Each structure stands twice: as structure tokens, then as C-alpha cells.
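First the structure, then my questions, so here it is.
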Amino acid sequence: MAYIFDEPSRTFNEYLLVPGYSSTGCRVENVSLKCPVVKFKKGEEPSIKMNTPLVSAIMQAVSDDRLAIALAKEGGISFIYGSQAIESQAEMVRRVKNHKAGFVTSDANIRPDQTLGELLQLKERTGHSTTAVTEDGTAAGRMVGLVTSRDYRISRMSMDTRVGQFMTPFEKLIYAEEGVTLSEANDMIWDNKLNALPVIDKNQRLKYFVFRKDYDTHKAYPDELLDEHKRYMVGAGINTRDYADRIPALVEAGADVLCIDSSEGFSQWQRNTLDYVRAHYGDSVKIGAGNVVDKEGFEFLAEAGADFIKVGIGGGSICITREQKGIGRGQASAVIEVARARNEYYERTGVYIPICSDGGIVYDYHMTLALAMGADFLMLGRYFSRFDESPTAKLTINGSYVKEYWGEGSNRARNWQRYDMGGDSKLSFEEGVDSYVPYAGSLSDNVRQSLQKVKSTMCNCGVTSISQLQKEAKLTVVSATSIVEGGAHDVILRDTSKNNNR
């Protein structure tokens, strides 16, 4: 007969952390959330680490280049969705890698033969008062001058005045040459009292601007995740169908890490994909695999060569795999078992393979629970879809702002490479829904608040690192009545909405 697990399939909601001894050193500012992303041998350091244990889901409604930049600023990695043309996905990766921290590609450019009127229209359209003057009016054209609001007076000049007549010519500009470091560029800005420093190549073509105002912005992101060339780090999702074409394009575009996007990872399809990577790139290309929910699935992907392994089937807020197919496992049970398998594999082989908990996170405290249960980092979809930086539209429904959010297994995504096991290039049935989520504002504000809660909880547990949390955390299963006890109860809550402006 079928194998039946002794324990029920449990969710994060069924657990609480029990406080541990907190020393005077257990303060939020002393907590480190650094975590490994890819496998490493005992005594060595992983080649990719994050400063924040959060990655964004491989979904059309979540992970594009804009969100990837915002998340990298906070220390995490976004996996650009793969359910799109190879060229467009590679271009998204390229845009993230070209968005060097502190180095901004100019999006306000004009030719010297254009007029003041056209300059003002450009300023209104972009919102930028600093405009590069290039021979062809493009961001990469040969730079011939610079215009700021100090170079013209609308009340005393004709709208037909040519830009070349009032711009600051190139020979009078202070500029830096390509290859300058951000630190060196900022020193030039401060030493010369500049608001903007052009960076040009040997042919006098404009490459970037470094702005004085971005110095403070740069300082505002102490956890930003950069590669060895000071570029933001970014991941990309692939499927098990067109990987031989998609992977080379993503690697050429500069993707730091790849991940196979699949509803179920315990398959020969994933082994074939991992075999391709190892045969063509050895260990130079880092790739995660999944998803699995038990020891057997973990060991299969570990032996197949995965650099990290994703855990979770059917736990996502828009995922209906369990409902449609009756397959999956409660996310807490899955993470606990796979984490044990990971630790056993490490003891046996000396190779540590990080695991990523994917799905089941509803509240911020679930993040801490997942980490305590053994997850090295967390993949989130709904969480990130609510923010300004996600690629979906913000709408008003019944007087409230929402953002669109749909699953990769929905008809809207039409991601047949991920779900269909046959040869038909369409969905046989849906495993995801099309929905809305409450709009929540900026990624930075929300991520920082969530991680502040995680750090505070870790201090309550008496730990200051994720690895320490995994070793020393104490977890208890909660009853239905204790869940009720944990919230506000036996009181009449005051309606404070009328007093919010007082």
C-alpha cells in the first residue's frame, strides 16, 4: 500500500517560537541576516551570498528589472521571470547589470540644434533639470555640452533659442573617464562642488552620470548587493524545455544565478537541465532547482548538481496545485524535513546546499519561522507583488488601491513550459489564479519593516545570525484555541479611524 507519513502536513500558522535567553548583545543592530545562496564545501565560503534572505518569485506579476534593482538595493536577489521571449528576458537582466550603483544612464538628452522650447518639454516629460547635450541627442552620443536650470532664464529668452547657444560647452565641463570608481567620482563631485559628473569614454561618448544627490541615496542602502564589478546582482528563471537556447543568452547578459522554475522538481527533466549546465559550463554557472517537499526529492536534486534547492508545492497564495491535483505538502512540514536532509547531506559529504522556502508566507513572523526551521532564504511572490516596483498595474477597486497578481500556472501567464508534462504547447488546466492584492507602497519601506520584525524576534530567541537561529531556536506546535489566544480577544476594539487626523 502507499506510504503514509506519521505526522500531519503542517503550515507555518501552526507553530510559534519559544523565547530564549537574550544577552545584552542581542540587539537589532547586531543581527546579521547574511545567508548563502549557492552550495559550498566545508571550510570554504559560498561564491554567492546575500545580505538579506529574500528573493523574488519567478513570476510575470513580480520579477522584472525594476523590482530586481529595488531588491538588490536591499540586499536580496530577484529572479527575472522566464515565461517570456529569451531576448526580452536577457534584456531585463542586462538592464539590471548596466544599472551600476551610483552610475546612472542619462534619460534626458538633447541635440545642440534643438530649441529651449524642446528642452522645456523634455524637462517636463522626464522631471530632470540636468540634460546632456550630445551630437545625436542620445544617451550614448558624443557629448558636446551640458544644460542645467542655471543656464537659461525663461522670462528673458526666446523659446526658439538653440541649446548650443546657452549650454555649458564640453571643454568647460569637469568630467570623469570611463573606469572611474564610485568613490573617486564622489570625491570629484565634492571637491569641485558639482551637482552632476559626466562619465565619458575615450571617444567622448557619454556613458553615465554620477549625481551629488545619489551620494546620500547610496549611503541609504548599506545592504545593497553588488558583484565584483560593483553592479547589482540579479537572477533569472529558466524552464526545462528551451534551456539550451535560454541559458547561453542569460549567461551572456550577465545573470549571476539561474533557477529552474517548475511546479515539481523531482524529475528527469530537471536532471537533464542540470546535466546540460555542468557539461557546458562546469561550476561557473550557478543554478538552483526544485521544487521538492521531502528528503527523497532533496537528495535527487543534490546528486544531480543543484546549487540550491527550492522547497514547497502548492503553498503559494495564487497556487491551486493541491486543489487541482491533490499533491503537495504543508510548507512547515516540507521545510523541516528537507532541512534535516540538507544537514545530513552536509555531514555525509561536506557539501552544504542551501534551501529556499518557496510559498506559505502570509505574515512577517512566518519569515522567522521558516528560517528557524532551516530555510537559508525565502522566495516570495504575493509579498513583492504589492509594491510600487512590481510590473503590474495599480488599480482602484471599491475605493481601495490594489495591484494585479496572477500565477504562472494561470491562463493569463500561459506558461505551459512550467506545468504541462506532454508535448502540447498549451495549458491542460490551470494551477494558478488571476487575482488582486492590496497595494502596499514602496519595496524599501516594507522590506525594512519586515526585516526589523525578523531581527527583533531573533533577539527574543537570543540569537544574532540565521545559522545560530537554526541551531538554537525552540519551536512549539500550537492548538486552535492558542491561535485565538494569540490575537486580540475578549475586548471591544476602539475605532480609531475617526481620530487619525487629530
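What you see is a predicted model; the values in this text were computed from it and never measured. Atom set for the values below is all heavy atoms of this structure, side chains included, hydrogens, waters and symmetry mates excluded.
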- Item | Contacts of Glu74 that satisfy salt bridge (charged side-chain N to carboxylate O under 4.0 Å, His left out) - sequence neighbours left out | Arg448
- Message: Applying salt bridge (charged side-chain N to carboxylate O under 4.0 Å, His left out), can you list everything that pairs with Lys295, at least two apart in sequence or on another chain?
- Response: Glu344
- Would you find more than 12 non-hydrogen atoms of other residues, nucleotides or ligands less than 6.0 Å from Tyr281 atom OH? yes
- Output all residues satisfying ring pair (Phe, Tyr, Trp, His ring centres under 6.0 Å) with Tyr352, sequence neighbours left out; order by chain, then residue number. Phe40, Tyr346
- Which residue pairs pass the ring-ring contact (aromatic ring centres under 6.0 Å, His included) test when at least one of the two sits in residues 1-25, sequence neighbours left out? Tyr3-Phe5, Phe12-His366
- Task: With sequence neighbours excluded, tell me which residues meet side chain to side chain donor-acceptor pair (under 3.5 Å) with Ser390.
- Result: Lys403
- Message: Test: salt bridge (Lys or Arg N to Asp or Glu O under 4.0 Å). Region: residues 82-93. Which pairs qualify, not counting sequence neighbours?
- Response: Glu91-Arg94, Glu91-Arg95
- Message: More than 12 heavy atoms of other residues, nucleotides or ligands under 6.0 Å from NZ of Lys41: yes or no?
- Response: no
- Message: Enumerate the salt bridge (Lys or Arg N to Asp or Glu O under 4.0 Å) contacts for residues 455-482, please, sequence neighbours excluded, ordered by first and then second residue.
- Response: none
- Message: If the condition is ring pair (Phe, Tyr, Trp, His ring centres under 6.0 Å), which residues does Tyr81 pass it with, not counting sequence neighbours?
- Response: none
- Take atom OH of Tyr436 as the centre, draw a 6.0 Å sphere, and report whether it contains more than 12 heavy atoms from other residues, nucleotides or ligands. no
- How would you list all residue pairs meeting ring-ring contact (aromatic ring centres under 6.0 Å, His included) that involve residues 46-75, not counting sequence neighbours? none
Under 3.5 Å, sequence neighbours excluded: what are the donor-acceptor pairs made by side chains of residues 29-39?
| from | atom 1 | to | atom 2 | distance (Å) |
| --- | --- | --- | --- | --- |
| Glu29 | OE2 | Arg27 | NE | 2.7 |
| Asn30 | ND2 | Gly25 | O | 2.9 |
| Ser32 | OG | Lys34 | N | 3.3 |
| Lys34 | NZ | Asn51 | OD1 | 2.8 |

- Mind checking what makes salt bridge (charged side-chain N to carboxylate O under 4.0 Å, His left out) contact with Glu347, not counting sequence neighbours? none
- Is the shortest side-chain N to carboxylate O distance from Arg271 to Glu303 below 4.0 Å? no
- So, are Asp307 and Arg278 salt-bridged, with charged N and O less than 4.0 Å apart? yes
- Smallest heavy-atom separation, Ala68 atom then Ser78 atom, equals CA-CB, 3.4 Å
- Message: Ignoring hydrogens and geometry beyond distance, is a side-chain donor-acceptor pair present between Gln270 and Ser267 at under 3.5 Å?
- Response: no
- Item | Closest approach of Ala375 to Ile466 (non-hydrogen atoms, all atoms of both residues) | O-CG2, 4.4 Å
- Results of side-chain contact (heavy atoms from CB on, under 4.5 Å) for Thr396 - residues two or more places apart only: Tyr401
- Message: Under 6.0 Å from the ring centre and within 45 degrees of the ring axis: does the NZ or CZ of Arg386 meet both conditions for the six-membered ring of Phe384?
- Response: no
- Query: Taking everything shown except Glu296 itself, do over 12 heavy atoms lie less than 6.0 Å from its CD?
  - Reply: no
- Item | Carboxylate-amine/guanidinium proximity below 4.0 Å for Arg66 and Asp388 | no
